[in-house]
2 protein chains.
Amino acid sequence: MGATKNELFSARQNGTSVLLKALAHPARIAILELLLKEESCICGHIVDKLPLSQPTISQHLREMKEAGLILGSVEGNSICYCLNPDTLDKLRDYFSGVSEKLKKKSIACC
Amino acid sequence: MGATKNELFSARQNGTSVLLKALAHPARIAILELLLKEESCICGHIVDKLPLSQPTISQHLREMKEAGLILGSVEGNSICYCLNPDTLDKLRDYFSGVSEKLKKKSIACC
DNA sequence: CATCTTTATCGTAATATTGCAATAAAAGAA
DNA sequence: TTCTTTTATTGCAATATTACGATAAAGATG
């Protein structure tokens, strides 16, 4: 035991939870919000702005990249990171759907 | 080391990550979707529908309740759980805002 | 070339999460 | 009250996450 039993759930449920897990940390929320605000998205800039060490930020960036939340491109010596609109639209659509279905139910049982 | 350094981030960033962490597991996504679909939300019903043990489901329900995602009310011998629309609207608003801001930027740098 | 800058990876310690058997707690039924 | 049903809690093993120093890798610069 100890590990999440992914195999017991649907691919869509696992996919959704993977996306949310990739944002389930304040540093990764901070990275999302920084990339949303700033023009430049050089990796070193992110490291400078956040109060964690360079290896730690690099690890967070990799998790976000593996989940498809951000894209990275080589820019000479450094790496340019930015948000992946497609993935963020998926999350928007998911929670829009949830709120909408919930409003239609309105069988407030609690 | 090892623990998340929450104190280095803003209250809003921590709050957002807490909400997302409470959904960052396929079982908790499955619970969300079950409560969205079903009329009845008796705890035992959730346990019957999901492929995990009763103590494990109880633990997931507690995490979702502590994050404010679900509400629970005593119903005689059992507990009735249902989704908290306010919290889910917050998530919808958050990701709607992200997608909108991202569309306005459109400085596709990667 | 050698050196500097930038980012990624390795290794590891500290901590958190996941899952469940066993058990407790709480309320209804007999 | 005693028994049953329902949910929560405890305790623990397995695994995952977080953070960072040290170091490697890759490209720029002199």
Side-chain angles (χ1 to χ4, degrees), chain A residues 1-9 13-14 17-31 34-35 40-67 70-82 110, chain B residues 1-9 13-14 17-31 34-35 40-67 70-82 110:
Chain A
M1 331 153 206
T4 296
K5 298 193 163 180
N6 301 294
E7 69 279 8
L8 299 178
F9 300 93
Q13 286 169 339
N14 278 307
S17 71
V18 164
L19 281 188
L20 294 176
K21 195 187 309 197
L23 285 176
H25 190 289
R28 298 196 288 270
I29 291 291
I31 290 171
L34 187 62
L35 291 180
S40 153
C41 44
I42 300 298
C43 175
H45 186 232
I46 301 172
V47 172
D48 291 344
K49 284 274 184 180
L50 295 198
L52 293 172
S53 72
Q54 181 270 321
T56 301
I57 299 294
S58 184
Q59 192 173 302
H60 284 304
L61 286 169
R62 185 175 54 178
E63 282 176 60
M64 295 177 77
K65 193 175 173 187
E66 275 172 2
I70 61 176
L71 302 165
S73 61
V74 179
E75 188 114 339
N77 202 10
S78 39
I79 310 282
C80 175
Y81 282 111
C82 64
C110 294
Chain B
M1 331 153 206
T4 297
K5 298 193 164 178
N6 301 293
E7 71 278 7
L8 298 180
F9 301 93
Q13 286 168 339
N14 278 306
S17 72
V18 163
L19 280 188
L20 295 176
K21 195 188 305 197
L23 285 175
H25 189 291
R28 298 197 288 270
I29 291 292
I31 291 171
L34 187 63
L35 291 180
S40 153
C41 44
I42 300 298
C43 176
H45 186 234
I46 300 171
V47 171
D48 291 345
K49 285 275 183 179
L50 295 197
L52 294 172
S53 74
Q54 180 269 321
T56 302
I57 299 293
S58 183
Q59 191 173 304
H60 283 304
L61 287 170
R62 186 175 55 179
E63 281 176 61
M64 295 177 77
K65 193 174 174 189
E66 274 173 2
I70 61 177
L71 302 166
S73 61
V74 178
E75 189 116 339
N77 202 11
S78 40
I79 309 283
C80 175
Y81 282 110
C82 65
C110 294

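The basis for the numbers below is simple: all heavy atoms, side chains too, and nothing from hydrogens, waters or symmetry mates.
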| said: Parallel, tilted or perpendicular: which one describes the rings of B:H25 and A:F9, with boundaries at 30° and 60°? | reply: perpendicular
| task | Would you mind reporting whether B:L50 and B:H60 have side-chain heavy atoms less than 4.5 Å apart? | result | no
| field | Any A:I46 side-chain heavy atom under 4.5 Å of A:L35 side chain | value | yes
Pairwise N/O distances under 3.5 Å, protein to nucleotides 13-16 of chain C:
residue: C:dA14; atom: O4'; partner: B:M1; partner atom: O; Å: 2.8
residue: C:dA14; atom: O3'; partner: B:M1; partner atom: O; Å: 3.4

| said: Rounded to whole Å, how long is the line connecting atom CD1 of B:I42 with atom P of D:dT7? | reply: 7 Å
| Which dot-bracket string describes DNA chain D (Watson-Crick N1-N3 plus N6-O4 or O6-N4, or G-U N1-O2 and O6-N3, all under 3.5 Å; [ ] crossing; | other strand)? | ||||||||||||||||||||||||||||||
| Residue-phosphate contact under 4.0 Å: A:H25 side-chain N/O, D:dA19 OP1/OP2 | yes
| About how many Å separate CG of B:L19 and CG of A:L23, when rounded to the nearest 0.5 Å? | 12.0 Å
| field | A:E7 CD to C:dT18 P, straight-line distance once rounded to whole Å | value | 15 Å
| message | Quick check: closest heavy atoms across A:L61 and A:I70, and the distance to 0.1 Å? | response | O-CD1, 3.5 Å
| query | Rounded to the nearest Å, what distance is computed from the CD atom of residue B:E66 to the P atom of nucleotide C:dT17? | reply | 11 Å
| query | Can you tell me how far P of D:dT18 sits from CD1 of A:I29, to the nearest Å? | reply | 12 Å
All N/O pairs under 3.5 Å across the protein-nucleotides 26-30 of chain D interface:
none

| request: Flag the pair B:E7 / B:N14 as yes when at least one side-chain heavy-atom distance between them is below 4.5 Å, and no otherwise. | output: no
| field | Counterpart residues, salt bridge (charged side-chain N to carboxylate O under 4.0 Å, His left out), relative to A:E63 (two or more places apart) | value | A:R28
| remark: Winner on side-chain proximity to A:Y81, out of C:dT7, D:dA8, D:dT18, is C:dT7
| Quick one: B:F9 CZ to D:dA19 P, roughly how many Å, whole number? | 7 Å
| About how many Å separate CE of A:M64 and CD of A:Q59, when rounded to the nearest 0.5 Å? | 13.5 Å
| remark: Here the pair of heavy atoms bringing A:L8 nearest to B:P51 is CD1-O, 3.3 Å
| said: In this structure, how many angstroms lie between the C1' atom of D:dT5 and the NE2 atom of B:H45, rounded? | reply: 17 Å
| note | Value for CD1 (B:I31) from SG (B:C41), rounded to nearest 0.5 Å, stands at 12.5 Å
| query | Under 4.0 Å between a side-chain N or O of B:H60 and OP1 or OP2 of C:dT17? | reply | no
| Atom-pair distance (CG on B:L23; P on C:dT18), nearest Å | 12 Å
| said: Does a side-chain N or O of B:R62 approach OP1 or OP2 of D:dT9 to a distance below 4.0 Å, or not? | reply: yes
| query | What distance do B:L20 atom CG and A:L20 atom CG have between them, rounded to the nearest 0.5 Å? | reply | 6.0 Å
Could you list the donor-acceptor pairs under 3.5 angstrom formed by side chains in residues 74-82 of chain B, with sequence neighbours left out?
none

| field | Positions of residues 51-59 of chain A (non-hydrogen atom under 4.0 Å from DNA chain D), listed by number | value | A:L52, A:S53, A:P55, A:T56, A:Q59
| request: Round to the nearest Å and state the distance from B:I79 atom CD1 to C:dA26 atom P. | output: 11 Å
